[in-house]
Amino acid sequence: AQTVTQSQPEMSVQEAETVTLSCTYDTSESDYYLFWYKQPPSRQMILVIRQEAYKQQNATENRFSVNFQKAAKSFSLKISDSQLGDAAMYFCAYKEPPGGSQGNLIFGKGTKLSVKP
Amino acid sequence: DTGVSQNPRHKITKRGQNVTFRCDPISEHNRLYWYRQTLGQGPEFLTYFQNEAQLEKSRLLSDRFSAERPKGSFSTLEIQRTEQGDSAMYLCASSPHTGGNEKLFFGSGTQLSVL
């Protein structure tokens, strides 16, 4: 069964600095999707960034980028120029390709990010 | 786009009672998902619908749980004979069907406490 592991329960970063959140996953599939979701105290989860496994190029969304290492099954999130509003729980998630489970996003346990002013 | 709406936001019930939660997805989204999140954990998949059809159910969804999505619009999640282990945040999400990497839009959840 696929699993997602986030080894950092908590991280802290100074405002305007860069921080990297780690995520590893286990799968026997060659094609799949990976996501980072943010959950602020308001509880509403918001998609930060997504990556298709067949794409070698790392996804980027403004200050957010990923380092996708398929062979190592690693999918880390880099937040540049951290802002106070980035403080939240961050969840890494895995999804099977079409033909597999289409509803089941498998989430890690999350990393709580604090941003210091 | 008014977002995904969940009601109630909080529910406190006694063990053995039945509870029902409602989710109103984004109107043009044909997929609707239910997840459960306990403290210190990531969300866990319960079930999802495409239009009115319930296409997948997790083994977490015991016989006491039932979900419906009549007419492919809003959805309800009912828990019968609640147990203390049912205490959790119940999250609803919706998405368009775009082929796999679709973005899920989540509601703010219903926090259930079973006393």
Side-chain angles (χ1 to χ4, degrees), chain A residues 1-10 21 23 25 29-55 59 61 66 68 75 88-112, chain B residues 1-6 9-10 23 26 29-51 53-61 67 69 75 88-112:
Chain A
Q2 292 88 353
T3 58
V4 176
T5 302
Q6 293 180 249
S7 59
Q8 304 153 317
E10 295 188 28
L21 308 184
C23 172
Y25 57 93
E29 301 285 345
S30 59
D31 194 16
Y32 44 86
Y33 305 102
L34 296 166
F35 306 83
W36 279 97
Y37 277 86
K38 168 185 177 181
Q39 187 176 40
S42 66
R43 310 185 324 197
Q44 189 170 26
M45 296 195 63
I46 303 164
L47 178 68
V48 174
I49 198 166
R50 53 188 157 180
Q51 174 87 39
E52 292 88 352
Y54 64 85
K55 290 186 178 179
E61 289 284 345
V66 298
F68 174 47
F75 183 61
M89 285 291 291
Y90 285 81
F91 292 96
C92 178
Y94 165 97
K95 184 183 174 191
E96 292 182 6
S101 170
Q102 291 303 288
N104 190 2
L105 267 183
I106 300 171
F107 287 87
K109 290 188 176 183
T111 296
K112 183 178 181 180
Chain B
D1 180 357
T2 58
V4 176
S5 176
Q6 291 189 247
R9 191 162 170 85
H10 301 275
C23 172
I26 293 171
H29 287 179
N30 58 359
R31 287 192 167 182
L32 185 148
Y33 313 79
W34 285 100
Y35 283 79
R36 182 173 71 185
Q37 185 177 21
T38 53
L39 199 61
Q41 303 292 322
E44 295 175 297
F45 170 71
L46 292 178
T47 188
Y48 97 95
F49 294 82
Q50 183 158 309
N51 301 313
Q54 189 174 19
L55 295 187
E56 283 185 51
K57 291 197 293 185
S58 163
R59 65 178 186 279
L60 291 176
L61 211 67
R69 193 184 182 195
S75 176
M89 175 86 73
Y90 290 83
L91 296 170
C92 177
S94 70
S95 75
H97 175 32
T98 61
N101 68 338
E102 52 263 15
K103 171 182 177 180
L104 265 60
F105 293 77
F106 283 84
S108 295
T110 294
Q111 181 69 53
L112 173 66

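To find a chain, count down the sequence lines: A is the first, B the second, and so on, and within it residues start at 1.
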Novice: Side chain, backbone, both or neither: which part of B:Phe106 has an atom under 4.5 Å from a heavy atom of chain A?
Specialist: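 For B:Phe106, heavy atoms of backbone and side chain both lie under 4.5 Å from chain A.
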
Novice: Looking only at heavy atoms and a cut-off of under 4.5 Å, which of B:Pro43, B:Gly109, B:Ser58 has the most pairs with chain A?
Specialist: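 Answer, by heavy-atom pair count under 4.5 Å with chain A: B:Pro43.
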
Novice: Can you tell me which portion of A:Tyr37 sits under 4.5 Å from chain B's heavy atoms? Options are side chain, backbone, both or neither.
Specialist: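 Only the side chain of A:Tyr37 comes within 4.5 Å of chain B.
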
Novice: May I ask you to test the A:Gln6-A:Phe91 pair for a side-chain heavy-atom distance under 4.5 Å?
Specialist: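 SC-SC contact between A:Gln6 and A:Phe91 confirmed.
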
Novice: What part of B:Phe49 lies closer than 4.5 angstrom to a heavy atom of chain A: side chain, backbone, both or neither?
Specialist: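 Neither part, no heavy atoms under 4.5 Å.
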
Novice: Name the region of B:Gln37, side chain, backbone, both or neither, that has any atom closer than 4.5 Å to a heavy atom of chain A.
Specialist: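 It is the side chain, since no backbone atom gets that close.
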
Novice: Nearest 0.5 Å please: distance from the SG atom of A:Cys92 over to the CZ atom of A:Phe75.
Specialist: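 Result: 6.0 Å between the selected atoms.
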
Novice: Please flag which part of B:Glu56 lies under 4.5 Å from any non-hydrogen atom of chain A: side chain, backbone, both or neither.
Specialist: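 The answer is the side chain of B:Glu56.
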
Novice: Side chain, backbone, both or neither: which part of B:Leu91 has an atom under 4.5 Å from a heavy atom of chain A?
Specialist: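 Answer is side chain: those atoms of B:Leu91 sit under 4.5 Å from chain A.
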
Novice: Going from CG on B:Leu60 to CZ on B:Arg36, what distance comes out if it is rounded to the nearest 0.5 angstrom?
Specialist: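 Here the rounded value is 5.5 Å.
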
Novice: Check the orientation of A:Phe68 and A:Tyr32. Use parallel for under 30°, tilted for 30 to 60°, and perpendicular for over 60°.
Specialist: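 Ring orientation, 0 to 90° scale: perpendicular.
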
Novice: Between A:Tyr94 and A:Thr3, is there a side-chain donor-acceptor contact under 3.5 Å, judged purely by atom types and distance?
Specialist: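 There is no such pair between these side chains.
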
Novice: Could you tell me the separation between the SG atom of B:Cys92 and the CG atom of B:Leu32, rounded to the nearest 0.5 Å?
Specialist: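 Answer rounded to 0.5 Å: 4.0 Å.
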
